[in-house]
Undergrad: 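Just passing along the structure, written as structure tokens.
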Amino acid sequence: MRKFARLALAGLLAVAAGGIARADDALKAKIGVLRLSSSAPVFIAQDKGYFREAGLDIELKFFDAAQPIAVATTSGDVDFGITAFTAGLYNLAGKGTLKIIGGMSREKAGYPLIGYFASNSAYAAGLKTPKDLAGKRIAVTQVGSSFHYSLGLLADKYGFKLADVKIMPLQSLSNAAAALKGETVDAALLPISTARALVDSGGAKFLGWVGDETPWQLGAVFAAPKTLTNKPLVTKLLASLARADREYHDVILASVKDGKADINDKTKPLLEIIAKYTNLPVEQVVGNCAYIDPEGKLDVKNVANQISWLQEQGFVDKGFDADAIIAKEYVKAD
């Protein structure tokens, strides 16, 4: 009996040692991300262990705006960035310090994500629809941000000059929301996850969705060239994300109707994961499920358009195009 106990103990110790060894062998990486549903596959891959099963030890580092993620990726504070495109990101990429390796969220009709919101006083004065934003004071996070580009697309659509709009770069989503509530701006572009409580409490008015007005490729996965030299790390990360992309698409997005995901036995576990990482109740998560291609594809044509537009506005340096900043060996083009 004692001999059997010793053998059993030895077996358990061997298994434990093997587990420790495997954990030590895992490729470590940090991902810079926002607490938004547009990064849902990241949260799913982390929470359901897809990264771990691929041999990765991933740490998520959260930010309050997109541009700082690009800077942190360039500096090496994080290994990968997953967030919206910005002028700053493109400028860094144009200098060779960043490469785009995959697609993430998209603005697409029927999938509420970023909206146009008006202050109560501006709404009362006639700001009722997105096309009424001409000439108004509009809060965005930063000059050249995804919100700024969305506004530029809107101006092109309705024929007003972006120069006639007073852009108010307030550096963070929370600052933009506070300015809208305090009525120091007429309007703001905000993710619905940030604006919902404000609208529900009567602090602002909803005008429309960016995805309904001007669909475009909002987010991407990117990394510094140094990180890309570690091909096993990059390949495993993208494979884990693709697994989560597919699940998110087939389970949650497939249930979306009238802009909201259904809560049922199949969707609820994933919705709860997103709620956990975005600090929102499930009942709010269902109304801001960003569209993400099931294969993680990138709309390369739109990326080229973004760069061209930002260069024309003087927000991005000239002398490079989409081909120069996309790591074609990793990107699945749409």
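Keep in mind the model is a prediction, meaning the values are calculated, not measured.
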Undergrad: Do F147 and P169 have side chains that approach each other closer than 4.5 Å (heavy atoms only, starting at C-beta)?
TA: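 F147 does not reach P169 side chain to side chain.
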
Undergrad: Taking C-beta and beyond as the side chain, do F62 and V33 meet within less than 4.5 Å on heavy atoms?
TA: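 Yes - at least one pair of side-chain heavy atoms lies under 4.5 Å apart.
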
Undergrad: L56 versus L233: any side-chain heavy-atom pair under 4.5 Å?
TA: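 Of all side-chain heavy-atom pairs linking L233 with L56, at least one is under 4.5 Å.
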
Undergrad: What I'd like to find out is whether the side chain of E183 reaches to under 4.5 Å of the side chain of N120, using heavy atoms alone.
TA: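 SC-SC contact between E183 and N120 confirmed.
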
Undergrad: Going through the checks in order, is the side-chain contact (heavy atoms from CB on, under 4.5 Å) test met by F320 and I307?
TA: CA-CA 9 Å; F320 71 94; I307 294 171; 4.0 Å; yes

Undergrad: Between K231 and E329, is there a side-chain N and carboxylate O pair less than 4.0 Å apart?
TA: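 Looking at K231 and E329, the cut-off is not met.
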
Undergrad: For K128, look at atom NZ and say whether over 12 heavy atoms of other residues, nucleotides or ligands are found less than 6.0 Å away.
TA: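 Atom NZ in K128 is packed in, count exceeds 12.
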
Undergrad: What I want to check is whether the side chains of S308 and N305 have a donor and an acceptor closer together than 3.5 Å.
TA: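 On atom types as modelled, these side chains do not qualify, holding no pair under 3.5 Å.
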
Undergrad: Closest approach of K297 and D293, non-hydrogen atoms and distance?
TA: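 Heavy atoms of K297 and D293 come nearest at N-OD2, 3.1 Å.
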
Undergrad: Is the backbone of H148 close enough, under 3.5 Å, to the side chain of S145 for a donor and an acceptor to pair up by distance?
TA: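 Looks like yes, one N/O pair under 3.5 Å.
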
Undergrad: Tell me whether Q217 contacts the main-chain N or O of S105 through its side chain, where contact means a donor paired with an acceptor under 3.5 Å.
TA: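 Here the side-chain-to-backbone pair exists.
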
Undergrad: Does D317 offer a backbone N or O that forms a donor-acceptor pair with the side chain of N91 under 3.5 Å?
TA: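 At least one qualifying donor-acceptor pair exists.
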
Undergrad: For residues I69 and A65, report the shortest heavy-atom separation together with the two atoms involved.
TA: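 So the two residues come closest at CG1-O, 3.8 Å.
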
Undergrad: Using only atom types and a distance under 3.5 Å, with no angle test, would you say the side chain of N175 pairs donor to acceptor with the backbone of Q171?
TA: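 Here the side-chain-to-backbone pair does not exist.
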
Undergrad: Go through it in stages, so that I can follow the logic: the residues are N288 and T278, the test is side-chain contact (heavy atoms from CB on, under 4.5 Å), and I'd like the CA-CA distance, side-chain angles, deciding distance and then a yes or no.
TA: CA-CA 11 Å; N288 57 288; T278 57; over 6 Å; no

Undergrad: Is V78 close to I31 at the side-chain level, that is, under 4.5 Å between some pair of heavy atoms?
TA: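 Not in contact.
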
Undergrad: Could you go through the side chain to side chain donor-acceptor pair (under 3.5 Å) check for Y277 and Q46 one step at a time?
TA: CA-CA 10 Å; Y277 286 90; Q46 180 75 333; 5.3 Å; no

Undergrad: Using a 3.5 Å distance criterion without hydrogens, assess whether the side chain of D321 forms a donor-acceptor pair with backbone atoms of A304.
TA: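 A pair under 3.5 Å: no.
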
Undergrad: I'd like to know if V286 and L36 are part of one continuous hydrophobic network [Ile/Leu/Val/Met/Phe/Trp/Tyr, side-chain heavy atoms within less than 4.5 Å].
TA: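 Not linked; separate clusters.
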
Undergrad: Is a donor on one side and an acceptor on the other found under 3.5 Å between the side chain of T235 and the backbone of P232?
TA: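 Not at all, since once roles are kept as given, no pair shorter than 3.5 Å links the two residues.
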
Undergrad: Determine whether L237 and F51 satisfy the following criterion, side-chain contact (heavy atoms from CB on, under 4.5 Å), listing intermediate values before the conclusion.
TA: CA-CA 7 Å; L237 179 108; F51 289 134; 4.0 Å; yes

Undergrad: Without swapping roles, check the side chain of N230 against the backbone of T227 for a donor-acceptor pair under 3.5 Å.
TA: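 Answer holds: no.
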
Undergrad: Step by step, work out the salt bridge (Lys or Arg N to Asp or Glu O under 4.0 Å) result for K48 and E247.
TA: CA-CA 11 Å; K48 296 193 71 172; E247 185 173 8; 2.7 Å; yes

Undergrad: For Q67, run the side chain to side chain donor-acceptor pair (under 3.5 Å) check against T141, T86, T83 and tell me which one passes.
TA: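 In the set T141, T86, T83, the residue that makes a side chain to side chain donor-acceptor pair (under 3.5 Å) with Q67 is T86.
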
Undergrad: For residues Y116 and E213, is any side-chain donor paired with an opposing acceptor at under 3.5 Å?
TA: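 Not at all, the side chains of Y116 and E213 share no donor-acceptor pair under 3.5 Å.
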
Undergrad: Does the side chain of D262 come under 3.5 Å of the side chain of T267 through a donor N or O and an acceptor N or O?
TA: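 Distance-only check fails for D262 and T267.
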
Undergrad: Would you mind reporting whether K166 and D186 have side-chain heavy atoms less than 4.5 Å apart?
TA: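 No. Closest side-chain heavy atoms not under 4.5 Å.
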
Undergrad: Ion pair present between K108 and D299, side-chain N to carboxylate O less than 4.0 angstrom?
TA: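 No, this pair does not count.
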
Undergrad: Mind running side-chain contact (heavy atoms from CB on, under 4.5 Å) on L310 and F85 for me, showing each step along the way?
TA: CA-CA 11 Å; L310 290 165; F85 286 112; over 6 Å; no

Undergrad: Among side-chain atoms of S150 and W216, is any donor-acceptor pair under 3.5 angstrom?
TA: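 Short answer, yes.
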
Undergrad: Would you confirm whether T97, through its side chain, and L92, through its main-chain N or O, come within 3.5 Å as a donor-acceptor pair?
TA: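 Answer holds: yes.
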
Undergrad: May I ask you to say whether K30 pairs ionically with D79, meaning some side-chain N is under 4.0 Å from a carboxylate O?
TA: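 Salt bridge flag = no for D79 with K30.
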
Undergrad: With no hydrogens and no angle check, is any side-chain donor or acceptor of R106 less than 3.5 Å from a backbone partner on P215?
TA: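 No, because the side chain of R106 does not come within donor-acceptor range (under 3.5 Å) of the backbone of P215.
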
Undergrad: Do L271 and I252 touch side chain to side chain, with heavy atoms closer than 4.5 Å?
TA: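 They are in contact (side-chain heavy atoms under 4.5 Å apart), so the answer is yes.
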
Undergrad: Answer with yes or no whether the side chains of Q306 and Y149 bring together a donor and an acceptor at under 3.5 Å.
TA: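 Side chains of Y149 and Q306: no pair found under 3.5 Å.
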
Undergrad: Ignoring hydrogens and angles, tell me if any N or O in the side chain of K328 forms a donor-acceptor pair with the backbone of I101 under 3.5 Å.
TA: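 Side chain of K328 to backbone of I101: no pair is present.
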
Undergrad: Which residue in the set Y248, W209, Y111 passes ring-ring contact (aromatic ring centres under 6.0 Å, His included) when paired with Y291?
TA: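 Answer to the ring-ring contact (aromatic ring centres under 6.0 Å, His included) test with Y291 among Y248, W209, Y111: Y111.
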
Undergrad: Can you confirm whether more than 12 heavy atoms, excluding those of D200, are under 6.0 Å from its CG atom?
TA: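 Enclosed.
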
Undergrad: Flag the pair V165 / L133 as yes when at least one side-chain heavy-atom distance between them is below 4.5 Å, and no otherwise.
TA: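 No, their side chains stay 4.5 Å or more apart.
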
